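A short worksheet on the structure shown next.
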Amino acid sequence: MQASKILNLLLNVSSKASKIASIIRSEKPLVELLVEEKQGIEKNDRFVQDFKTLADVLIQETVRHYVSVEIPDIGASIYGEESNKFTNVQGETITVKICSSCDETEKLLVTVLNGNAEAAALLATAVHSEATSLTVQTEDVPVIIPIEDCGIWIDPIDSTGQYIKGKLGEENEYGMFEDGLQCVAILIGLFEKSTGKPILGVVVQPFAKFISETESWTSRTIWGVSFNGLNKTSFEPTSEASNTEARIVLSKSESEQVQKALSTKYKLDFASGAGYKLLATVLGLSRAYVLSHRSIYRWDCCAIHPILRAVGGGIVSYKHTLQAARYPEGELTEEDLHALQVSYTKASGAIRNRRNSFSDKTESLPGIIAYRSAADVLDILNLLK
C-alpha cells in the first residue's frame with residue numbers, strides 16, 4: 001500500500017483524536033466525572049495513583065475503528081495501552097466501541113456518562129466528524145509498505161496525569177516544558193511485524209500552544225517515515241551544531257547515580273510524559289532522553305521511533321545497550337546500535353547481536369536511550385559504563 005495513503009489515514013484519525021481530547025478537557029466537571037483509577041495489572045507501580053479516562057479509551061477505539069474500516073487486514077494487529085472497558089460512576093462496566101452511526105455511538109456514550117446527553121453528543125459528533133488534517137502526496141513519501149505485515153501501537157493520551165490536572169505549563173529558556181498540558185501527546189506508530197522495526201509515526205500535541213487572547217489552544221502534528229531507504233519528516237531537523245549546550249532530558253524519578261554520571265558532560269532537563277521527552281529529542285531541544293528503569297512501553301515509543309530514525313537517531317534498550325557497551329570487545333559501533341534498536345513485535349523472541357541476547361515477553365521495556373546522533377549515544381554510554 002502507498003505510504004501516503006496510510007499516512008493520510010493516520011493523520012485523519014489523529015485529528016479526530018485531538019478533537020476528542022480537547023472537548024473532554026474543555027469541561028472540568030466532565031474530566032472529574034471521567035476519571036477512573038486503574039487497578040490490578042493495568043496499574044503502573046511507579047505511581048500512587050494512575051488514571052484511565054474515557055478520553056484514552058475513546059481515542060484508542062476511534063483509531064482502531066477507522067483504521068480497521070479502511071485497512072481490514074490490519075484490524076487484528078492494532079495494540080493499545082488501554083482496554084476498551086470503562087466503569088461509570090454507577091459502577092456499570094461498558095464496552096466502549098465506535099458504532100456505525102453517530103446516533104448509536106451517542107447512545108452508548110450516554111450510558112458511559114451516566115445520562116449526560118450533552119457530553120455524549122459532543123463526543124459522538126467529534127468521533128464521526130470529518131477531521132481536518134494535513135495531506136501528504138504520494139511523491140512526498142514514494143514507498144510501498146507491506147500493510148499485511150504491519151501492526152500499530154497506540155498511546156491515546158500520553159501523560160494522562162498532566163491531562164487530568166489541566167494546568168498551563170511554563171516554557172523554560174530552552175523551549176522545553178517541565179509539566180503542564182503542553183506535555184500531553186497522542187501517539188500512533190506503525191511497525192513491521194516480521195522484523196519489529198518502526199516504519200511510520202504520527203504524534204499530536206493537542207495543547208501545543210496556549211493563545212492567551214482567546215484562552216484557547218492550538219495543536220501541533222508531526223510525522224515521520226523511515227522505511228526501505230526513505231527517511232522523511234514533516235519538519236526540518238535542526239542542526240546539532242546550532243545547539244550551544246549539550247542537554248539531556250530525564251524523568252523526574254531518574255536515579256541520582258545516572259543523573260550524576262550524565263551531568264559531568266550534559267546539562268540536565270526534567271519533563272513529564274515519555275512521549276513529550278521523546279518529542280523534545282526529535283525537535284532538537286535535547287540531545288537524548290535517558291531512562292534507566294522499567295516504566296516505559298512500546299506504545300510510548302513506536303510513534304516517535306521512526307521519526308527519530310528519519311533524522312539519523314534511534315531508540316535503544318537501556319539495559320541491553322549498556323550491557324553491550326561493557327562487554328570487552330572494544331567500542332560499540334553504529335552497526336551495533338542498529339542491532340539494539342527497540343523492537344515492536346508483540347511478545348518478541350530473542351534479539352541477538354555479537355554481544356548479547358535477550359527475550360522480553362512483556363510490553364514493558366528495560367529502560368531506553370533515545371538519541372539524535374550515534375555520537376551522542378556512544379558518549380552517553382561511556383559516561384554510564
Side-chain angles (χ1 to χ4, degrees), residues 9-38 51-70 75 78 80-134 154-160 162-166 181 184-188 202 204-208 210-211 214-219 221:
L9 173 61
L10 296 188
L11 287 169
N12 185 272
V13 296
S14 67
S15 178
K16 287 178 183 287
S18 182
K19 186 181 294 187
I20 294 166
S22 297
I23 287 172
I24 293 177
R25 183 60 261 175
S26 66
E27 300 292 338
K28 187 176 180 181
L30 184 57
V31 177
E32 293 171 350
L33 174 68
L34 297 176
V35 172
E36 177 192 22
E37 186 175 356
K38 288 180 180 175
F51 298 102
K52 176 167 66 181
T53 68
L54 180 58
D56 281 305
V57 180
L58 195 59
I59 287 171
Q60 181 171 290
E61 294 311 305
T62 296
V63 173
R64 188 191 308 277
H65 173 79
Y66 284 103
V67 171
S68 297
V69 167
E70 294 295 325
I78 299 176
E81 179 180 8
E82 307 293 351
S83 74
N84 63 342
K85 307 291 184 184
F86 192 85
T87 303
N88 66 13
V89 293
Q90 300 300 317
E92 301 171 293
T93 299
I94 299 106
T95 299
V96 176
K97 63 180 181 178
I98 307 305
C99 304
S100 57
S101 73
C102 185
D103 286 345
E104 290 175 304
T105 301
E106 182 179 338
K107 288 178 183 177
L108 184 144
L109 292 175
V110 166
T111 306
V112 177
L113 293 165
N114 192 34
N116 190 331
E118 181 181 3
L122 285 169
L123 293 173
T125 299
V127 168
H128 289 273
S129 66
E130 287 296 326
T132 302
S133 66
L134 304 170
I154 309 165
D155 190 344
I157 293 284
D158 186 72
S159 197
T160 306
Q162 297 302 315
Y163 178 72
I164 292 168
K165 289 176 184 176
L181 281 169
V184 173
I186 295 165
L187 310 170
I188 307 174
V202 173
V204 183
Q205 287 177 282
F207 312 100
F210 183 70
I211 311 301
T214 58
E215 294 191 347
S216 61
W217 292 91
T218 58
S219 65
T221 301

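No hydrogens, no waters, no symmetry mates; every other heavy atom, side chains included, goes into these values. This is a predicted model, so every value here is computed, not measured.
- With contacts defined as side-chain heavy-atom distances shorter than 4.5 Å, the pair Val110/Asn116 does not qualify.
- Lys19 places a side-chain heavy atom less than 4.5 Å from the side chain of Ser129.
- Rounding to the nearest 0.5 Å places CD of Glu61 at 11.0 Å from CD1 of Ile20.
- If you take CG on Leu109 and CG on Leu58, they are separated by 5.5 Å, rounding to the nearest 0.5 Å.
- A 4.5 Å side-chain heavy-atom check between Phe210 and Glu215 finds at least one atom pair inside the cut-off.
- Counting heavy atoms from C-beta on, the side chains of Ile188 and Val63 come closer than 4.5 Å.
- Partner of His128 under the side-chain contact (heavy atoms from CB on, under 4.5 Å) criterion, out of Asp103, Thr105, Thr62: Thr105 alone.
- Put simply, the side chain of Arg25 gets close to the backbone of Ile164: a donor and an acceptor are under 3.5 Å apart.
- To the nearest 0.5 Å, atom OG of residue Ser14 and atom CD1 of residue Ile59 are 10.5 Å apart.
- Under the 3.5 Å distance criterion, the side-chain polar atoms of Ser18 are left unmatched by any main-chain donor or acceptor of Ser15.
- Between the CG atom of Asp56 and the CG atom of Asn84 there is a distance of 12.5 Å, given to the nearest 0.5 Å.
- Across all their heavy atoms, Ala185 and Pro206 have their closest contact at CA-CD, 4.4 Å.
- The shortest side-chain heavy-atom distance between Leu54 and Leu123 falls under the 4.5 Å cut-off.
- For the atom pair CD of Gln205 and OG1 of Thr221, the computed distance is 9.0 Å after rounding to the nearest 0.5 Å.
- The main-chain N or O of Val127 is found under 3.5 Å from a side-chain atom of Tyr66 such that the two form a donor-acceptor pair.
- Using a 4.5 Å heavy-atom cutoff, the side chains of Val184 and Leu181 are in contact.
- Proximity of a side-chain donor or acceptor of Arg64 to a complementary backbone N or O of Gly75 within less than 3.5 Å is not detected.
- More than 12 heavy-atom neighbours from other residues, nucleotides or ligands sit within 6.0 angstrom of CD on Glu104.
- Atom NZ of Lys16 and atom CD of Glu130 lie 6.0 Å apart (nearest 0.5 Å).
- Residues Lys85 and Ile94 are not in side-chain contact: their nearest non-hydrogen atoms beyond the backbone lie 4.5 Å or more apart.
- Closest approach of Ala55 and Tyr163 over heavy atoms only: CB-OH, 3.7 Å.
- Put simply, the side chain of Pro156 does not reach to within 4.5 Å of the side chain of Ile186, judged on heavy atoms.
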